[in-house]
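Quick notes on the structure that follows.
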Amino acid sequence: MALDVIIVGGGPVGLMSAALLDAAGVGVEVYERNAGPSTASKATTVHPRTLEVLTMLESGDGRRVGDALVEQGRKVPHAHFAALPGGLDYRGLDTPFPFVLMTPQWQTEQTLADCLRARAVPVHYGAEVTAVVQSADSVRVTVDGGTRQAAYVIGADGAHSTVRQAAGIAFPGSPPSMVAFVADVLLTEPLEQARYSWNADAGLAAVVPLPGQVHRVFGVEAADTGLTADQVRRRQAEPLTLDELRTALDRICGSDFGVHEPLWLSRASNSSRYAQRYRDGRVLVGDAAHVHLPAGGQGLNVGLQDAVNLSWKLAAEIHGWAPDRLVDGPAAYEAERRRVAEGLLADTLAQDALMHTFSPSGQALREMFRGFIDQGGEVAGKLSGWLSGLGVDYPQPEGTHALAGAKAPDRVLAGDGLLRALRPDRFLLLDFSPDGAYSDLGSTRVEVRTARRHTGAWATVRAALVRPDGHVAHAVDSAGPAATAELAEAITAWTEPDRPATGAHTR
Ligand SMILES: Cc1cc2nc3c(=O)[nH]c(=O)nc-3n(C[C@H](O)[C@H](O)[C@H](O)COP(=O)(O)OP(=O)(O)OC[C@H]3O[C@@H](n4cnc5c(N)ncnc54)[C@H](O)[C@@H]3O)c2cc1C
């Protein structure tokens, strides 16, 4: 066995996981059922935190993946929440990317695939995995009638994940009760800005400009809500036609906007489920861990952020420097990311209620939320933090610094910023002291960098240990021998193994 990790599924999450593992020196291959790269535009919304994590990744051609993607998309200052007019204002967010990037999913996938090509990571197309069996020291997958073996398998194979099912991981949640229409089309009169219509008698529709002359149209007719799961299945099996789309838009908005030349016509439901476990021995699941209504453009974003959380920890485990806390303890992939999936489902179900309750009470609820968002107060701030991904923190162990678990801001490092300094194979120790007091704490696992004072909760920080994914592991507000000893202890706790290496080999 020469391979560390097999990734099943060459969608965005599989490709991102492969690139990050390769960057961490892990031997990895991707197996994708489709004959070639996808051309579907499904997820068109890329949020700020996703652009941040894509910026951590070198594309292999001298650029960062985030930069390559931003060059191709359309920047929008507001993110929609429940298709309410106005939207959440991202302009004041503390990030190099204070906007939503509109770009079709195939383009995100292509950018990641280019990165893998430049890195010479194998992506096998036309390769369907039909079985996954693990033993104490490896996993075997059946693909194209043959078998492949690796130390670990990641299931990035979507909602109906073969890997998740083979590992016997339950997928509980709520059944679907509505069917939405989704299409990418041209309009005879293109819009400059997104338009949202909500009509208690007819339904909801949104028309959103994408790059080029293409527009994403999505919505739901009132008659397509309140269905049984069987009715949803039957409705989803009927292909959406351009005529049906025109009629629905006419009914809801009073105009069909001259939709023509459909590039993509599809349906989506509000089925909401997440994996009960994210790991079973040597098998891990990626975005295959959650399905939900595509509201607020979150699935791909959370999936890519899952990949970032998982990759450096699995690499550490394979290379033999992962302490138990990263493998199955409080900072393990499942411990940190399953609660994000719980939040994701709660958020999309709440948006579902706001968008699809076609009654006077539904209308009142929308008006109330619209007011909260327009005021730009605490509710709007919390929603922006969540949707943008910038406000997603990891649990803070009792007695640790208030910043533990929070995302470190890019601007704490002068020059290129923090994001470009992060690497999946080592921590950063940010030294805010004027005299380089912590330079002796550097090692192969910890790079010490001089940082610059920041505002807010960061104003008093003298040193911060930052994980490969940009979250704070530990921080101190004082200098001197006690603070140095405290940091040294934290470094040991995060980077000294409690068990031997488990990969197929190390490079
Ligand atoms: C209409 C719609 C709109 C959406 N809009 C947004 C949005 O704006 N923003 C957002 O963040 N998210 C959005 N999403 C969700 C987003 O598309 C998904 O979250 C994203 O595709 C998940 O990526 P993935 O790589 O995990 O899975 P997928 O993209 O589903 O990729 C899984 C891959 O695995 C392959 N595969 C499956 N089984 C096997 C097997 N046995 N062997 C080998 N390969 C296999 C499949 O062919 C596929 O290529 C939307 C989804 C839909 C349907």
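Indexing begins at 1, ligand by ligand and atom by atom, following the structure's order. None of these values were measured; they are calculated from a predicted model.
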Atoms in ligand 1 with a heavy atom of [X] nearer than 4.0 Å:
X: G297; value: 7 (C), 8 (O), 9 (N), 10 (C), 11 (O)
X: V13; value: 23 (O), 24 (P), 25 (O), 26 (O)
X: Q105; value: 16 (C), 17 (O), 20 (C), 21 (O), 29 (O)
X: V182; value: 1 (C)
X: W264; value: 1 (C)
X: N34; value: 47 (O), 49 (O)
X: V8; value: 40 (C), 42 (N), 43 (C)
X: T162; value: 41 (N)

Return the [atom1] to [atom2] distance between [X] and [Y], rounded to the nearest 0.5 Å.
X: D22; Y: E58; atom1: CG; atom2: CD; answer: 11.0 Å
X: L88; Y: L383; atom1: CG; atom2: CG; answer: 5.5 Å
X: L387; Y: Q298; atom1: CG; atom2: CD; answer: 5.0 Å
X: L112; Y: L20; atom1: CG; atom2: CG; answer: 9.0 Å
X: D224; Y: H356; atom1: CG; atom2: NE2; answer: 10.0 Å
X: L54; Y: D67; atom1: CG; atom2: CG; answer: 10.0 Å

*Say whether K42, considering both its backbone and side-chain N or O atoms, lies within less than 3.5 Å of an N or O atom on ligand 1.*
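N/O-N/O distance under 3.5 Å: yes.
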
*Polar atom proximity, E32 to ligand 1 (N or O, under 3.5 Å)*: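 Yes, since at least one N or O of E32 sits under 3.5 Å from an N or O of ligand 1.
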
Please state which option from [options] has its nearest heavy atom closest to [atom].
atom: atom 39 (C) of ligand 1; options: D157, L15, V100; answer: D157
atom: atom 23 (O) of ligand 1; options: S38, G296, P12, G11; answer: P12
atom: atom 14 (N) of ligand 1; options: G158, G126, A43, A268; answer: A43
atom: atom 12 (N) of ligand 1; options: N301, L300, I7; answer: L300
atom: atom 32 (C) of ligand 1; options: S266, A295, A156; answer: A156
atom: atom 38 (N) of ligand 1; options: M16, H290, R33; answer: R33

*Side-chain contact, heavy-atom cut-off 4.5 Å: E109 with L15?*
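Of all side-chain heavy-atom pairs linking L15 with E109, at least one is under 4.5 Å.
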
*Candidates V185, L191, V259 - the one meeting side-chain contact (heavy atoms from CB on, under 4.5 Å) with V207*: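 Checked V185, L191, V259 against V207; only one passes side-chain contact (heavy atoms from CB on, under 4.5 Å): L191.
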
*Report yes or no: does A159 have a heavy atom closer than 4.0 Å to ligand 1?*
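No, that is not the case, since the closest heavy atom of the residue is not under 4.0 Å from the ligand.
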
*Heavy atoms only: give me the nearest S311-L21 pair and the separation to one decimal.*
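Closest pair (atom of S311, atom of L21, distance): O-CD2, 3.5 Å.
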
*Please report the closest heavy-atom contact between V283 and A167, naming both atoms and the distance.*
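For V283 versus A167, the nearest heavy atoms are CG1-CB, 4.0 Å.
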
*Any idea which part of Y31 is under 4.0 Å from ligand 1, heavy-atom wise: side chain, backbone, both or neither?*
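It is the backbone that gets close, since no side chain atom is under 4.0 Å.
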
_More than 12 heavy atoms from other groups under 6.0 Å of CD on E71_ =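 Yes, enclosed.
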
